[in-house]
Structure formats: C-alpha cells, structure tokens
Enquirer: 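Before we start, here is the structure in question, set down as structure tokens.
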Number of protein chains: 2
Amino acid sequence: MHTCEHCEARSFNMCNALDADELARLASIMSDQRFEAGTTFIEEGAPADDLFNLTSGTVKVFKLLADGRCQITGFMMAGDFLGLSRGGTYAYSATAITPVTCCRFQRPQLRGLFNELPKIERQMLGLAMNELMAAQDQMVLLGRKTARERIASFLLSLSDRAVRRGRPGNPVELPMTRGDIADYLGLTTETVSRTFTQLKGEAVILLKGNHGVDIQDLDALVEIAGQEDREACFHPFDQIA
Amino acid sequence: MHTCEHCEARSFNMCNALDADELARLASIMSDQRFEAGTTFIEEGAPADDLFNLTSGTVKVFKLLADGRCQITGFMMAGDFLGLSRGGTYAYSATAITPVTCCRFQRPQLRGLFNELPKIERQMLGLAMNELMAAQDQMVLLGRKTARERIASFLLSLSDRAVRRGRPGNPVELPMTRGDIADYLGLTTETVSRTFTQLKGEAVILLKGNHGVDIQDLDALVEIAGQEDREACFHPFDQIA
DNA sequence: CACAGGCATTGATTCAGGTCAAGGATTGTT
DNA sequence: AACAATCCTTGACCTGAATCAATGCCTGTG
C-alpha cells in the first residue's frame with residue numbers, strides 16, 4: 001500500500017501544501033492504481049468520473065481527429081494531474097507509455113474535499129496556470145518553429161523536467177516512440193528520425209539506443225531551440241496572484 | 001465610473017459567483033482602465049504587477065521569438081482574464097486590437113481577497129481549466145490541421161464565442177487583421193487571404209469588407225473544420241471536480 | 001537462440017504552404 | 001477631396017516537411 005508520506009511525487013503536486021492530518025484526509029478518499037504500458041485509461045468523450053494524480057511513469061495525453069490524425073498535447077509525469085472534463089466527459093484520451101502508478105479520486109468526493117481544504121484548490125490553480133503557460137509555449141512551437149527547433153526544444157524541456165524531478169538532466173530519457181514524438185511536435189516519424197540523425201551528424205547529440213539521447217553540446221542545442229527564456233522556464237509554484 | 005452591477009461581462013467572468021456585498025469588496029480593490037486600439041499594455045518579461053479582467057473590446061495575446069516570428073496564443077474578449085506570470089514576470093505580451101475596457105487588480109491585493117473570498121479562486125480555477133482545454137484544441141489545430149481546416153475552425157469558434165456573449169453568431173466579426181489571424185493559426189497573411197477567397201468561391205462564406213464574414217453554408221463549414229465535437233465546445237462553468 | 005512484429009532509419013519524390021513581388025482596396029488625416 | 005499609410009489580394013515560384021517505399025534494427029517471446 002502506497003503512503004503519501006513517502007510519495008516521491010509529493011513535492012511537486014497538489015498534495016504539496018498539506019500537513020500530515022490533511023494528507024490522511026486526502027488519502028481516505030483516494031485509491032492507488034497501477035496501469036501497464038499501453039493501457040488507455042482515459043478516453044475522450046467518456047463520462048469523466050475520476051481524476052488521477054500520477055506518482056510514477058509516463059502518460060501521453062492526446063486528441064484524435066475523425067480521420068485518425070493524432071495530436072499529443074502533453075507527456076505527463078509524476079506530480080501531474082489528469083482528467084480534465086468538459087460537460088461531464090473527458091476532454092482528451094490518456095495512455096500509459098510506461099508502467100504507471102497514480103492516485104485515483106472520484107470527482108464528487110474530491111469536490112467535497114475542496115470545500116474542506118481550500119489549500120488544495122489553490123495548489124491546483126497554481127498547477128493549472130503552469131500547465132496553461134506550458135501549453136502556450138507549445139503553441140509557439142507548433143505554430144512557428146521549424147522541425148529542427150522543435151526537436152531541440154523538446155529535448156531541452158525533457159531534460160529540464162527530469163532535473164526538476166531530481167533526476168539527471170543528461171542523458172535524456174525518451175520513454176516514448178518516434179511516432180509519439182512526432183505526434184507531440186506536429187511532425188512525422190520520418191522527420192523526427194531525420195532530424196535526430198542530422199543533430200547527431202553535427203555532434204550536438206548522441207543517440208543511445210531508441211530511448212535515450214546524450215546531449216553533447218548543450219549550448220548548441222539551446223541556440224538551435226531559440227528560446228531565449230530558458231531558465232525562466234518553469235517556476236514550480238507560481239500562483240495566480 | 002463603471003459599476004459591477006451593470007457590467008456586461010459579469011455573467012461569464014470571475015465575478016460571476018459573487019453577491020452584492022462581495023462585489024463591492026472586489027470593486028474596492030479594483031480600478032477601471034481603458035486602452036486605445038494598438039496599445040500594448042502587457043509586455044512579456046516585464047514585472048507582473050497587475051492582473052486584468054476584460055469588460056469590453058478584443059485583445060491579442062502573443063509571444064515573440066528572437067527573430068520576430070510571432071505566435072498569438074489567444075484573442076481575449078469580455079470576461080477573460082489576463083496577466084499570467086512566471087517567476088514574477090509576465091508570460092506573454094498583450095495588445096488591444098480594438099478600444100478596450102478592463103478591471104485592473106494589483107496582485108498583492110487580489111491575493112488578499114482570495115483568502116477572504118475563496119469563491120473567486122474557485123471561479124478562476126474553472127476559467128483556467130476552460131482556457132487549458134481551449135489551448136489543447138488549439139494545439140490540435142496547429143499541429144495537425146490543414147490551412148482550410150484551421151480557417152473553418154477559427155470562424156466557427158469566433159461565431160460560438162459571440163453567441164456565448166449574447167451576440168449574433170452570424171455574420172462573424174473579425175476585429176483583427178489577416179496578419180493577426182495568420183499569427184494565431186500558424187499561417188501567413190497570404191495563405192489566410194487565399195483560403196478566404198477559396199471558401200468564398202465555394203459559396204461557403206461571404207466576405208463583408210475586411211472585418212466581417214457571413215457564413216452562408218454552416219454545415220459545409222462544420223464539415224470542413226472537421227471537429228466532431230462542436231456542441232461540446234465550451235460549457236461555461238465546468239469545474240475541475 | 002531464433003524469429004516475428006513493431007520500431008527506426010534512409011532514400012526518392014511530391015506538395016501544401018511559404019516567399020517574393022506587384023497591384024488594389026480600405027481607412028484615417030489634413 | 002486628396003493623400004498616405006496600412007491592409008488585403010493575387011500571381012509566380014520555391015522549399016521544408018510530408019508521403020511513398022524499402023530496408024535494417026531492436027525487443028520480447030516461446
């Protein structure tokens with residue numbers, strides 16, 4: 001049984017602000033859950049009964065067009081929450097790309113807890129704002145960056161996220177496939193592959209099998225990504241006011 | 001002097017949940033402000049001292065790359081809030097594209113009010129979630145839709161927003177320039193113009209000068225936009241839980 | 001260990017949308 | 001009314017990334 005006190009995701013998720021008693025209260029309405037790699041546990045359009053808070057593993061969040069085109073709107077990791085709804089149904093689908101553990105909440109119960117512990121609500125507002133800012137960065141990437149810039153930005157942002165979670169920023173772990181990366185960056189598998197090869201040829205990165213990239217020349221990568229505001233990239237707990 | 005009781009934005013912004021006393025409390029820390037068309041009143045990177053709540057007019061929110069490429073992340077209208085910050089500085093720039101009126105709050109004071117009136121915080125969480133879902137839709141558009149699909153989706157979403165604000169959904173008002181539309185949809189001015197011309201040629205729309213579009217064949221436009229989930233498009237007050 | 005199925009790379013070719021360039025239509029100003 | 005100044009449209013051409021098509025490489029399974 002998972003206990004919140006030892007949760008490795010605790011320092012950067014919605015539980016962060018809670019003391020031991022409040023944590024126990026939260027735990028009482030929560031159930032631990034595990035999903036195998038490949039499991040789609042949220043389906044766009046299905047009744048949005050639950051909310052999830054990831055504690056380990058990586059999840060892809062995506063939307064599909066009628067003809068099968070896919071846009072991945074984010075890769076979720078420990079501390080991220082999942083389950084946005086629109087009119088009572090999920091706004092997107094979510095599939096585990098590695099084995100995943102998470103806390104599961106039923107909506108009505110969580111709503112009750114919000115009234116009891118407004119701190120949680122505030123914490124979630126902060127998380128939502130951060131996600132909104134990340135979404136805006138992604139719009140810049142999708143609307144205005146070249147394939148090369150997209151790949152460079154992607155590697156840097158994965159590296160940053162790893163560091164923020166207390167893991168090494170290099171080499172970068174890529175749990176997802178080339179196809180997933182393409183669906184996240186608005187490209188095709190082939191273009192992703194070609195761009196990796198190109199950066200490898202320039203000695204900017206080194207490919208370590210299919211799921212790892214060693215950054216050999218960080219400055220060059222930052223230069224290519226063209227995002228002046230790199231360090232400003234993610235204050236963990238900005239609040240709206 | 002503007003009074004909250006008669007505010008036309010009240011029914012769809014963060015003040016929605018407040019009673020008369022609470023509204024007065026809010027008004028006490030707020031100042032009315034007006035900006036002429038063309039005024040950039042939020043600059044990315046500047047100290048984020050204020051938060052704004054639009055009451056009329058249209059604002060473009062955008063981010064710039066070092067070489068001048070621009071991505072507009074949203075057009076804000078009555079009821080929308082502005083002023084997201086990251087590490088104490090604004091996360092984007094904002095320019096009025098029509099004359100704009102808004103309520104201005106100083107951050108520290110608003111923070112104090114959040115503690116007093118948690119209802120506001122909840123209301124803002126709902127607004128933020130809605131914005132996040134809109135951002136995800138925009139990622140699908142930017143990453144995976146064709147120019148034709150983008151333009152059709154754009155016209156429909158403007159029409160929907162007008163209806164939600166109690167205005168006619170047709171003809172659609174376009175206060176922004178072709179260049180702004182391009183910067184929002186990840187296209188160029190020329191492609192926007194050509195696509196309008198093409199849709200006009202197919203009798204799907206009718207151009208009414210530079211700032212109006214008459215939708216002649218709504219079904220065709222919906223078909224072209226390819227967004228199955230049109231009616232689900234924006235429950236005004238979905239809450240996180 | 002072998003082998004099957006998915007995943008990744010690479011090459012050849014195409015095409016949607018970008019770029020460059022020239023007029024035409026609005027809009028606000030004196 | 002004449003004018004800039006800006007915005008919009010249209011045309012000709014180009015190019016970055018998509019598509020089509022092999023082939024090679026992992027990785028998990030019996």
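Predicted, not measured: the structure shown is a model, and the values here were computed from it. Just so it is clear: chains get the letters A, B, ... in the order the sequence lines come, proteins before strands, and each one is counted from 1.
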Enquirer: Salt bridge or not between Arg104(A) and Asp32(A)? Use side-chain N to carboxylate O under 4.0 Å.
Expert: no
Enquirer: Round to the nearest Å and state the distance from Gln198(B) atom CD to dG17(C) atom C1'.
Expert: 12 Å
Enquirer: Taking atom C1' of dG17(C) as reference, at what distance in whole Å does atom CG of Leu185(B) sit?
Expert: 13 Å
Enquirer: What is the separation between atom CZ on Phe196(B) and atom P on dT10(D), rounded to the nearest whole Å?
Expert: 13 Å
Enquirer: Does Thr188(B) make a side-chain N or O approach to OP1 or OP2 of dG18(C) shorter than 4.0 Å?
Expert: yes
Enquirer: To the nearest angstrom, how far is Met176(B) atom CE from dC8(D) atom C1'?
Expert: 16 Å
Enquirer: Could you tell me how far apart Leu207(B) (CG) and dA25(C) (P) are, to the nearest whole angstrom?
Expert: 14 Å
Enquirer: So, does the side chain of Arg178(B) form a donor-acceptor pair with the base of dT10(D) at under 3.5 Å?
Expert: no
Enquirer: Thr191(B) side chain N/O closer than 4.0 Å to the phosphate oxygens (OP1, OP2) of dG18(C)?
Expert: yes
Enquirer: Grab the CD-P distance between Glu36(A) and dG28(D) for me, whole Å please.
Expert: 13 Å
Enquirer: With heavy atoms under 4.0 Å as the rule, sort Ile181(A) into base, sugar-phosphate or nothing.
Expert: nothing
Enquirer: May I ask you to verify if any side-chain N or O of Thr177(A) is less than 4.0 angstrom from the OP1 or OP2 atom of dG6(C)?
Expert: no
Enquirer: Side chain of Glu190(B) only, please: which of dC20(C), dC20(D), dA17(D) is the nearest?
Expert: dC20(C)
Enquirer: For residues 148-170 of chain B, which residue pairs qualify under ring-ring contact (aromatic ring centres under 6.0 Å, His included), counting only residues two or more places apart or in two chains?
Expert: Phe154(B)-Tyr184(B)
Enquirer: Does Thr189(A) place a side-chain N or O at less than 4.0 Å from the phosphate oxygens OP1/OP2 of dT9(C)?
Expert: no
Enquirer: Run the side chain to side chain contact (heavy atoms under 4.5 Å, CB included) test against Arg161(B) and tell me which residues pass, sequence neighbours left out.
Expert: Phe75(B), Met77(B), Asp80(B), Arg164(B), Arg165(B)
Enquirer: Select base, sugar-phosphate, or nothing to describe what Ser193(A) touches, counting heavy atoms under 4.0 Å on all strands.
Expert: base
Enquirer: Should we say atom CD of Gln216(A) is surrounded by more than 12 heavy atoms from elsewhere, each under 6.0 Å from it?
Expert: yes
Enquirer: Could you tell me how far apart Asp67(A) (CG) and dT19(D) (P) are, to the nearest whole angstrom?
Expert: 11 Å
Enquirer: When the nearest nucleotide of DNA chain C is assigned to Gly209(A) and to Thr146(B) on a heavy-atom basis, which residue is associated with the more 5' position?
Expert: Gly209(A)
Enquirer: Look at the side chain of Arg194(B) and the base of dG11(D), then say whether one donor and one acceptor between them are separated by less than 3.5 Å.
Expert: yes
Enquirer: Can you check the Asn210(B) CG to dG24(C) P distance for me, whole Å?
Expert: 16 Å
Enquirer: Select base, sugar-phosphate, or nothing to describe what Gly38(B) touches, counting heavy atoms under 4.0 Å on all strands.
Expert: nothing
Enquirer: Measuring centre to centre across the rings, with the benzene-like ring taken for any Trp, is Phe105(B) within less than 6.0 Å of Phe52(B)?
Expert: no
